[in-house]
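I have placed the structure first, in the form of structure tokens, so that the comments after it can refer back to it.
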Amino acid sequence: MKLTEDMLVIKNQELAPGIYELVLRGENVRLMKEAGQFVNVQLEGKGFILRRPFSICEINSPEKEFKIIFRVQGEGTEHLAGIEAGERLNIFGPLGKGFPESALAEGETALLIGGGIGTPPLYELARRLHDRGNRVITVLGFQDRDGVFYEEEFSRYSEVHIATMDGSYGYKGNVLELIEDLGLDFDILYACGPMAMLKAIQEAYGKDKRGYISLEERMACGIGACYGCVCDKEGDSPYQKRVCKEGPVFGLNEVSI
Amino acid sequence: MIDLRIDLPGLKLKNPVIPASGCFGFGEEFAELYDLNQLGAITIKAATLEPRIGNPTPRIAETYGGILNAIGLQNPGVEVIIKEKLPWLEQFDLPVIANVAGDTVDEYVEVSRRLAGSEVIKALELNISCPNVQKGGMAFGTDPDTAAELTAEVKKAAGKPVYVKLSPNVTDIVKIARAVEEAGADGLSMINTLLGMRLDLRSGKTVLANGTGGLSGPAIKPVAIRMIYQVYREVNLPIIGMGGIQDARDVLEFLYAGASAVGIGTANFINPYVCPEIIRDLPGVLAEHGFNSIQEAIGYAHR
């Protein structure tokens, strides 16, 4: 059983300016076990060499389909935006460790914090935690009104609050300010977003809350062999954790940012 | 039946395909994907005397047809490698080549001595060509006298075949190859990465935190072919050829140039199953070009 597969593109559509939703179908979808794992996508042409890692946004096991959401940020994602339904993409995965759902006990409340393009892996998690019967609160932060996506989708499974930096939609400010302003109470947090956001979350909640954060880093192999995507281990010698292998999801205080 | 076997100093290879150092860790991650016994051999990640933490991130950047890396020889140190990594490799019927790095001649000698003491290690590969460290590395591989001295010292201490991994970042690679041949090297690995840099257009800064990095991938294949071709004509040492190999046809081109076996590096990141796929395809490619064995294709471009 190979972990690489030429999967069929079912849909690739723009959700918000520069933000795309890509649905793929393949046999290896049945190997996708955890929210927060990622796939390494091969791009053909234009001298592309490295696969591009994207976190899994939604797993639809009965249809053998899964979804990623990406932002056009460079030549690779520009190319990916031009891929159409019916084409095939070679997908390597699922890879890495995802968000542990079992960390959340019965009756507990989960707070999901997403920043911009870090939001997608939280969607599958929201669905699963909701299905387990837990209360789920989602706080999403974006630059402005144009950048907002998946508010309606998240609201199927959770209570959703949106913040924008310029205040053009929802709360004006960042996600942490919004959480404080609302006086949200929770037992455990799961977060994915820019490093600055994750660092602020560590500082705000690292001492007295349980939680998990998902990191992003430039990768090569995606399986822990090349040591390209290392990050620092809290209180130990640096670069001992590989984002692709021990992560991308780490305990709230497991890594220093 | 096409014969893929090849015997090199210390290495009885089932086939000429060897994952290259630094691109394959110590084999554990790829062993989850396929049976490592299919491989000709493996070259494990560079060992130094003490643990190395490596360079800051970003350590990886893509370029057209290649990648730049600046890992910085991150490794747990030779003792941990011997105690924790090598015993795991004993389960395979697979010659292991140990890549050795250091800051000083003494460090290379000591690391080589310790690794050569392990039953599982069949040969050493002297890394005198890593472009991503402040001291040692490439500095040993760009001067013929320094390279020769290091080779001779390691040969004295190691008692196992020594392959010297050459740097392409030199004016005349033949000079270095000759110098290490005279110093007693048993073979050559070539080429290591080419020193490169990429700038970010928004920030105006280097993409890699280290500034420079080593370029690998298909972009460097013609440079590797040219250098192997030149060295093969002037030096009587077996060559493990590497630099941008992606498929069995590339392997044949390296054999033509003068390589007796090949290292596969960056291609493992594009297709994690590339090594077994090349091994599967190689007999067909050899047959298609009228060869019955690896041996017949080695140095074909020089006949």
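The chains referred to below are lettered A, B, ... by the order of the sequence lines, with proteins before strands, and numbering in each begins at 1.
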Contact listing (chain B partner; residues 77-89 of chain A; heavy atom under 4.5 Å): none
From B/Glu277 atom CD to A/Thr4 atom OG1, the distance as rounded to the nearest 0.5 Å: 7.0 Å
Residues in salt bridge (charged side-chain N to carboxylate O under 4.0 Å, His left out) contact with A/Arg52, at least two apart in sequence or another chain: B/Glu62
B/Asn271 to A/Arg51 - nearest heavy-atom pair and separation: CA-NH2, 4.4 Å
Largest heavy-atom contact set with chain B, pairs under 4.5 Å, which of A/Asn40, A/Leu3, A/Val230: A/Val230
Contacting moiety of A/Tyr239, where chain B heavy atoms sit under 4.5 Å: both
Name every donor-acceptor pair, under 3.5 Å, that has one atom in a side chain of residues 207-225 of chain B and the other anywhere in the protein, sequence neighbours excluded.
residue, atom, partner, partner atom, Å
B/Asn210, ND2, B/Thr212, O, 3.0
B/Ser216, OG, B/Thr266, OG1, 2.6
B/Lys221, NZ, B/Asp250, OD1, 2.7
B/Lys221, NZ, B/Glu253, OE1, 2.9

A/Glu34 atom CD: more than 12 heavy-atom contacts under 6.0 Å: yes
Heavy-atom closest contact (B/Arg59 atom, A/Tyr227 atom, distance): NH1-O, 2.7 Å
Side-chain heavy-atom pair A/Cys244, B/Glu29 within 4.5 angstrom cut-off: no
Closest approach of B/Cys23 to A/Ala225 (non-hydrogen atoms, all atoms of both residues): O-CB, 4.2 Å
Region of B/Arg202 in contact with chain A, defined by heavy-atom distances below 4.5 Å: side chain
Chain B contact via A/Lys2 - side chain, backbone, both or neither, heavy atoms under 4.5 Å: both
Other residues, nucleotides, ligands: >12 heavy atoms within 6.0 Å of B/Tyr273 OH: yes
Salt bridge (charged side-chain N to carboxylate O under 4.0 Å, His left out) partners of A/Lys233, counting only residues at least two apart: A/Asp236
Atom pair SG/CD1 of A/Cys226 and B/Ile71 - distance to nearest 0.5 Å: 5.5 Å
Side-chain donor or acceptor of A/Arg218 paired with backbone N/O of B/Pro58 under 3.5 Å: no
Region of B/Tyr64 that comes under 4.5 Å of a non-hydrogen atom in chain A: both
Among B/Gly72, B/Ala61, B/Ala267, B/Pro56, residue most engaged with chain A (heavy-atom pairs, under 4.5 Å): B/Pro56
A/Gln42 side, atom CD; B/Phe269 side, atom CZ - distance, nearest 0.5 Å: 14.0 Å
A/Asn90 side, atom CG; B/Ile270 side, atom CD1 - distance, nearest 0.5 Å: 11.5 Å
Sidechain N-carboxylate O distance under 4.0 Å for B/Glu28, A/Arg242: no
Spacing of B/Leu68 atom CG and A/Ile49 atom CD1 [to the nearest 0.5 Å]: 11.5 Å
Any side-chain heavy-atom pair of A/Phe92 and B/Leu33 under 4.5 Å: yes
Spatial distance of atom CD1 (A/Ile223) from atom CG (B/Asn268) [nearest 0.5 Å]: 8.0 Å
Flag if over 12 foreign heavy atoms under 6.0 Å of CD, A/Glu14: yes
Beyond-backbone contact of A/Met219 with B/Ile60, side-chain heavy atoms, under 4.5 angstrom: no
